[in-house]
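All remarks here apply to the structure that follows.
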2 protein chains.
Amino acid sequence: MTEKDWEKWVRMIADEYDLDLGKTNKETLKQKKILEAAIHIFAEKGFSGSSTSEIAERAGVAEATIFKHYRTKKGLLLRLVIPAIAKVASPWITRSALKILEQDKPFRERVEDVILDRVLLIETNWKKIKIILVESLFHPELREAIQTHVAKSVFPVMSEKIKQLQAEGELRRDLPDYVLLRSVISMAIGYLLARNVFPEQLAQSEEKDEISMIAEVLLKGVGGSHGD
Amino acid sequence: MTEKDWEKWVRMIADEYDLDLGKTNKETLKQKKILEAAIHIFAEKGFSGSSTSEIAERAGVAEATIFKHYRTKKGLLLRLVIPAIAKVASPWITRSALKILEQDKPFRERVEDVILDRVLLIETNWKKIKIILVESLFHPELREAIQTHVAKSVFPVMSEKIKQLQAEGELRRDLPDYVLLRSVISMAIGYLLARNVFPEQLAQSEEKDEISMIAEVLLKGVGGSHGD
DNA sequence: GATATAAGTGAGTAATCACTCACTTACCAA
DNA sequence: TTGGTAAGTGAGTGATTACTCACTTATATC
């Protein structure tokens with residue numbers, strides 16, 4: 001799937017499920033309520049575990065109203081998920097990270113800033129991200145879309161930046177760029193998981209200090225004096 | 001929840017759902033087939049997305065047979081999940097990692113060995129782990145059980161080992177032990193996720209080489225010459 | 001070989017599911 | 001004010017769901 005294929009795919013799915021994707025649209029109050037309720041309930045119970053009647057009740061709307069706007073339950077899911085994926089993969093969301101890395105500060109501080117930025121970004125969109133991650137495990141079309149779209153539009157940009165930082169001597173040159181990229185992402189995601197699942201054991205300090213330590217480990221490693 | 005509370009909890013759930021937990025039991029061939037089919041289908045479609053009729057069909061068994069042995073659909077889920085959690089948190093599974101760390105080898109090699117060991121362990125039990133992780137998001141009792149059990153019985157052991165390695169000079173002493181533990185886990189999980197979701201972009205080399213690079217990043221960091 | 005106990009099943013059942021349809025209500029432009 | 005269109009709904013529908021029960025079959029012990 002190339003970038004153009006992605007756009008085609010979005011249009012195709014949008015047609016198939018009569019999605020508006022929130023672009024041209026002026027949404028009704030009730031439509032907003034439905035989307036709000038759906039995010040809450042899908043995140044809490046998963047797609048299969050949620051019922052349209054429950055979503056309707058929480059939104060204060062007749063069940064039929066949901067089907068008026070989104071045709072099927074899966075149409076409702078995709079109306080939530082596809083714009084979110086498109087947003088994650090849009091240029092500006094990558095660009096804001098690049099901007100931070102280009103600021104006039106010590107490299108160490110820039111690394112902390114960019115990690116904090118991404119952590120906050122994920123935290124504020126946590127429910128939607130949870131839905132996307134979980135449902136991508138069970139809906140192959142979704143998984144494939146994320147794979148190809150994120151892989152083809154986000155990674156190359158980040159990869160380029162890393163190569164530049166390697167050339168500038170900020171990052172070591174004896175490891176491939178994808179390993180360095182994966183390491184940064186791993187440490188950030190690992191921190192978020194730890195904070196959510198084992199906060200008392202694995203994330204005991206203030207967020208600011210935790211991120212500072214993440215940057216420290218990332219740049220210098222965990223090895224002690226013996227390894228030198 | 002203390003360790004004794006955990007045992008109580010297991011017995012309580014076992015009573016509530018009539019679980020045998022595979023300890024005293026001689027399982028029938030059909031029971032094995034049911035468990036096999038359930039693992040496959042729960043992993044593929046999620047708990048809510050799976051139907052008992054489908055599980056029965058795949059196992060080559062009448063639907064009523066499932067309810068004969070496991071009383072409810074959730075009873076079947078717990079029969080899969082609870083022994084797996086108990087196993088993960090059992091002493092020997094932690095001990096095998098500690099054994100590796102105590103071998104008479106350079107520290108760098110021991111780190112590689114232990115990462116490889118855990119990666120293989122997760123890979124061979126991937127379906128069950130997937131079920132546990134996903135369903136713990138939606139069943140609070142499960143989440144709590146994992147949290148307290150793993151947190152209270154696995155982390156302290158690992159934490160102790162890390163402090164010892166810090167004292168020996170193999171790991172740096174200027175960061176708290178939980179940050180070092182979290183870093184190792186993050187890098188391993190990050191690698192597994194990358195291998196599963198973005199293999200072409202984020203896990204391009206042979207497993208052996210990837211793990212060697214993970215150990216390298218972990219011990220020495222990603223920072224370049226500028227940072228020295 | 002008789003008997004007791006457990007394993008296994010076919011044919012249900014009530015409840016819930018996603019979804020439809022005929023209909024009413026709200027909105028807006030001419 | 002009117003007329004056309006979209007928003008919204010109450011009352012359904014057939015299909016599927018987890019689960020039950022009366023019953024048969026297999027197994028093990030004496």
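Owing to the predicted nature of the structure, the values given are computational and were not obtained by experimental measurement. Convention: sequence-line order gives letters A, B, ...; per-chain numbering from 1.
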- Please lay out, stage by stage, how A:E210 and B:R182 fare under the test salt bridge (Lys or Arg N to Asp or Glu O under 4.0 Å). CA-CA 11 Å; A:E210 290 291 355; B:R182 189 183 66 208; 3.0 Å; yes

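- At least one side-chain heavy atom of A:L142 sits less than 4.5 Å from a side-chain heavy atom of A:I85.
- When the P atom of C:dA7 is taken as reference, atom OH of B:Y70 falls 10 Å away, rounded to whole Å.
- A:L181 places none of its side-chain heavy atoms less than 4.5 Å from the side chain of B:Q201.
- When each of C:dT9, C:dT20, D:dC19 is scored by its nearest atom to the side-chain atoms of A:A64, the top-ranked nucleotide is C:dT20.
- When distances are taken from the side chain of A:T28 to each of C:dA18, D:dC21, D:dA7, the shortest belongs to D:dA7.
- For the pair B:Q31 CD and D:dA26 P, the interatomic distance rounds to 17 Å; values are reported in whole Å.
- Closest contact between the side chain of B:F67 and the listed nucleotides D:dT9, D:dC19, C:dG10 involves D:dC19.
- Not one side-chain nitrogen or oxygen of A:K30 sits closer than 4.0 Å to the OP1 or OP2 atom of D:dG8.
- Contact annotation for B:K68: base contact, defined as any heavy-atom pair under 4.0 Å involving a base atom.
- Distance from the side chain of B:E63 is smallest for D:dA18 among the nucleotides C:dT9, D:dA18, C:dC21.
- Atom CD1 of A:I66 is separated from atom P of D:dA7 by 15 Å (rounded to the nearest Å).
- The separation between A:K32 atom NZ and D:dG8 atom C1' is 17 Å, rounded to whole Å.
- As rounded to whole Å, 12 Å separates atom C1' of D:dT9 from atom CD1 of A:I34.
- At the phosphate of C:dA6, neither OP1 nor OP2 sits under 4.0 Å from any side-chain N or O atom of B:H69.
- Closest approach of B:F138 to A:G46, counting heavy atoms only: CE2-N, 3.4 Å.
- Look at CG on B:L76: it is 15 Å from C1' on D:dT17, rounded to the nearest Å.
- Using a 4.5 Å heavy-atom cutoff, the side chains of B:K30 and B:H69 are not in contact.
- DNA chain C is contacted by no residue of residues 36-57 of chain B, taking any non-hydrogen atom closer than 4.0 Å.
- Sorted by first and then second residue, the ring pair (Phe, Tyr, Trp, His ring centres under 6.0 Å) pairs with a member in residues 29-53 of chain B read B:F42-B:F47, B:F47-B:H139; sequence neighbours excluded.
- Protein atom NZ of A:K33 is 13 Å distant from nucleotide atom P of D:dT9, rounded to whole Å.
- Spacing between atom CD of A:E27 and atom P of C:dC27 amounts to 17 Å, rounded to whole angstrom units.
- Using a 3.5 Å distance cut-off with no hydrogens or angles, the side chains of B:E200 and A:Y178 do not pair a donor with an acceptor.
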